[in-house]
Amino acid sequence: MKQIAGPLRRAVIYGLISYLGLVLINNSELNLPNMWIAYLPMFIGVYVATQWLDKKLGD
């Protein structure tokens with residue numbers, strides 16, 4: 001059970017933070033020619049936040 005707890009925890013953290021980020025960007029009424037200009041930095045930030053939070057919760 002311990003082998004699946006870490007990846008599952010990371011997936012849940014990543015899913016929640018990325019969903020909140022997408023909601024925030026999509027409701028911000030940005031009018032960009034390509035929305036990846038906003039999505040790419042958001043997903044990089046979500047990845048970094050997920051790694052940091054996972055290390056804090058994993059101990």
So do the side chains of Leu30 and Ile37 get within less than 4.5 Å of each other, counting heavy atoms only?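 The answer is no; the side chains never approach within 4.5 Å.
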
Partners meeting side-chain contact (heavy atoms from CB on, under 4.5 Å) with Asn31 (sequence neighbours left out):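 For Asn31 there are no side-chain contact (heavy atoms from CB on, under 4.5 Å) partners, ignoring immediate neighbours.
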
Please list, one pair per line, the donor and acceptor atoms closer than 3.5 Å that link side chains of residues 40-53 to other protein atoms, with sequence neighbours excluded.
{"from": "Thr50", "atom 1": "OG1", "to": "Val46", "atom 2": "O", "distance (Å)": "2.7"}

Of all the heavy-atom pairs spanning Gly6 and Asp54, show the shortest one and how long it is. O-OD1, 4.4 Å

Could you give the side-chain donor-acceptor pairs of residues 14-26 under 3.5 Å, partners two or more places apart or in another chain?
{"from": "Ser18", "atom 1": "OG", "to": "Tyr14", "atom 2": "O", "distance (Å)": "2.7"}
{"from": "Ser18", "atom 1": "OG", "to": "Gly15", "atom 2": "O", "distance (Å)": "3.2"}
{"from": "Asn26", "atom 1": "OD1", "to": "Tyr39", "atom 2": "OH", "distance (Å)": "2.7"}
{"from": "Asn26", "atom 1": "ND2", "to": "Leu22", "atom 2": "O", "distance (Å)": "3.2"}

